[in-house]
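Okay, so here's the structure we're looking at.
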Amino acid sequence: MKKKVIIFSSIIVSLAIIFAFIYQSREPFAVNGTGNPYSEKDTQTVLSDKKWLLTFTKEFKQESIKENESIYVTDKDGNKVEANLEVSKDFVTVSPPEGGYDPNKGPYELHISGEIESVDGKTLGKQKKIKFTAMKQLPTVASNKELNSLFTARLEQMKQEREESKQFFNFGRSGDESTSSSEDSDGAANADMATESESSSSGSPDGHSETNVQVQGVDEADIVKTDGDFIYQATDQKLKITEADPVEEMTVLTELRYKDFNPYQLFLEGNQLVVIGHYWDEKMMYGGYGEGKSSEGDMIMPMHEATKAIVYDITDRANPTVQKTVTLEGGYVSSRKIENHVYLITNKYADFWMLEEHPEADLRPRVSDTQGEEEGDLKGVPYEDIRYFPDSTEDNFMTIATIDLNQPQEDASITTYVGSGNQIYMSKENLYVAVPNYGYGPNWANNESTEVYKFAVDGMTVEFRANGAIPGHLLNQFSMDEYKGHFRVAATKGQAWDENSPSSNHLFILDGGMNVVSSVEDLAKGERIYSVRFMQDKAYVVTFKEVDPLFVFDLSNPAEPKVLGELKIPGFSNYLHPYDENHLIGFGYDTKLEKDQWGTRVLTNGVKISLFDVSDPTNPLEKHTEIIGGQSTHSPLNHDHKALLFNKDKDIFAFPITKYNENQKDGSYRLDFEGAMVYGIDPEKGFTLHTKITHQQENTLYEDWENMVQRILYIDDHLYTVTPKEIKATKITW
């Protein structure tokens, strides 16, 4: 038996080596262009200002790329186009001629010489060509036939990819529907994150706290809101409104329970409350394909999920009345509020695989916009309101709905785009959507890039303006920032766990047209980004693998960003928050290294708070630290910035936490505390624990979800800890 196992294992190893050799020999050095994967059979459609960003599966010799010979563009007559070529260490950018590609001179061909060499001397092999046509504006879908033809082409492409992946034992790009981007849902564990120094205090001049947001003046929805008199809470499929004053007699005025709606995000604007959540309709979810027909009689798809926003008039807090309900088919991505306008973004994945059996299927996302308590029918977005990003790899619909709270009787403005992203950043003037493009070929992990779409925002109007591309992938919305007309973004290229395509980290600055104007590249090889904070003309980036380097960037000259200083310490920060212009707070984990027969492992060893002194940006210092608990200790603040309550004037740095301590007898970890920890921070003295607040019963072995603190807020001189079950007030005594 043992001999058979050895023989079988030897055969498997030999086959693996043979197939790996064949695969690497066939395409030892590959190139990706942003947009759909390269295929000589396909003609791509791109915008006339398209910037091709070519990433390679191996590090290439820059000197092997010869001007106007190795990479160039020709028009339909074979004449070379005056495209601008920029060669970087990790990628090549091909920018269009001034004024963009002339649609009348297409189709064009992007030529990539097979003589380009990798650093190990291998070449691309045969010359590659990417054929494309150009259009001046984002195209609009005109009909069911045109929309379905887009997805039919994608379906054929995926079949081809699937066949190729079968031939190579699924090396490289997987080729199935799951390659679409994952949602960046505010309601999920990977919630939206934040970025601007002006938001360093979550206080209000009216004496109550506000949500810790990314950009001052751009509100973000959260599970709890307060106006200083009442506390509004979305929890456990219900909406609760609690009168907070007097503290001794806190009263739940309203508790609305929902049947087919699960609220998890709120906006507050004067006497209006916007409740956003997950909506389902059993008839449409489980009815099966073809049982429903639209008003036009077309076949429609069953609905998998939808997002609903309900606008309440809360003039009478004890009796909220519905002003408006907007329902969008698709999963909730994110939302923002600027003054009286709410911007709601959803993703709906198209079931285009059904087109094989039902080529006439109506794949459009459905929407409903009704007044008062009226239940409206979901109808497909009009075709003239659906646009598409012609070279996106995303097989979904992104819908942006804008609601004017000053005029709830008016219809919401709804626009849908084919192709979407999983990261959102919004300033007062612009919305940015980051769309991942996945690599393929050998060393695929080092061959990814990110497209960023820019939309101008003005009241009810959201209009596409430009798009750009960078190599690598983003961590979260903290990775993006807009400042004085420039867009700054930090990205990780490659994977920290993959020795064949070791990771590196970059920071890029783009202009208003989304052209890369400068960059700092190849930082912390073998590590990945764990947190980013942009603060006006500075940026702070934390990378990690075994130690935590904190990089300080000077971005005062957008044409020449540079690293001023670096600090290496144990542990890492998941979240960075400004304390003042000279100090930065890091929140993350302490770590320890453990060696075993498999090598060295990095283990988290309690939650860690750091106060960094960045007064000398060339020499950042970790001035004070606080380590809480041992392994398994965790806080929502590790992944959701909205869990933080910070107010420098009141000396409050508060967050929910679940603390575990190690049992010295058997090495196990047992629950020690669950609740809110409230610290004070002094640049000279460091961290002071003001108080701990728990709602859990004494001597409990496991945290009870209903009594877990989700948010901490303040009103005047009291802290309020909010759990799904109750709200508790605690006097501020320091």
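The analysis underlying the following values was restricted to heavy atoms, covering all of them including side chains, and did not include hydrogens, waters or symmetry mates.
Distance CD1/I345 to CZ/F455: 8.5 Å, rounded to 0.5 Å. Separating the OG atom in S209 from the NZ atom in K225 is a distance of 10.0 Å, to the nearest 0.5 Å. Put simply, CZ on R317 and CG on L273 are 9.0 Å apart, with the number rounded to the nearest 0.5 Å. One finds the CD atom of Q214 at 6.0 Å from the CZ atom of R336 (value rounded to the nearest 0.5 Å). Between the CG atom in N319 and the OH atom in Y312 there is a gap of 11.0 Å [rounded to 0.5 Å]. Within the model, atoms NZ of K348 and CZ of R366 stand 6.5 Å from one another, a figure rounded to the nearest 0.5 Å.
Two rings, from F397 and F151, have their centers less than 6.0 Å apart. Aromatic ring centres of F464 and Y417: separated by at least 6.0 Å. Aromatic ring centres of Y279 and Y258: separated by at least 6.0 Å. Separation of the F587 and F655 ring centroids falls under the 6.0 Å cut-off.
Around CD of E726, the count of heavy atoms belonging to other residues, nucleotides or ligands within 6.0 Å exceeds 12. Dense packing is recorded around CG of N340, with more than 12 heavy atoms of other residues, nucleotides or ligands lying under 6.0 Å away. In Q137, the CD atom is not crowded: 12 or fewer heavy atoms of neighbouring residues, nucleotides or ligands sit closer than 6.0 Å.
Under 4.0 Å is where a charged nitrogen must lie from a carboxylate oxygen, and between D640 and K642 no such pair does. Electrostatic pairing of K324 and D369 counts as a salt bridge here, judged by a charged N lying under 4.0 Å from a carboxylate O. A salt bridge links E451 with K50: the distance from a Lys NZ or Arg NE/NH1/NH2 to an Asp or Glu carboxylate oxygen falls below 4.0 Å.
For the residue pair Y575 and R533, a side-chain donor N or O sits within less than 3.5 Å of a side-chain acceptor on the partner.
Summarising the geometry of M250 relative to I727, their closest heavy-atom pair is CE-O, 3.3 Å, with the distance given to 0.1 Å.
With I276 as the partner, the side chain to side chain contact (heavy atoms under 4.5 Å, CB included) test is satisfied by one option alone out of I310, V326, T307, L266: T307.
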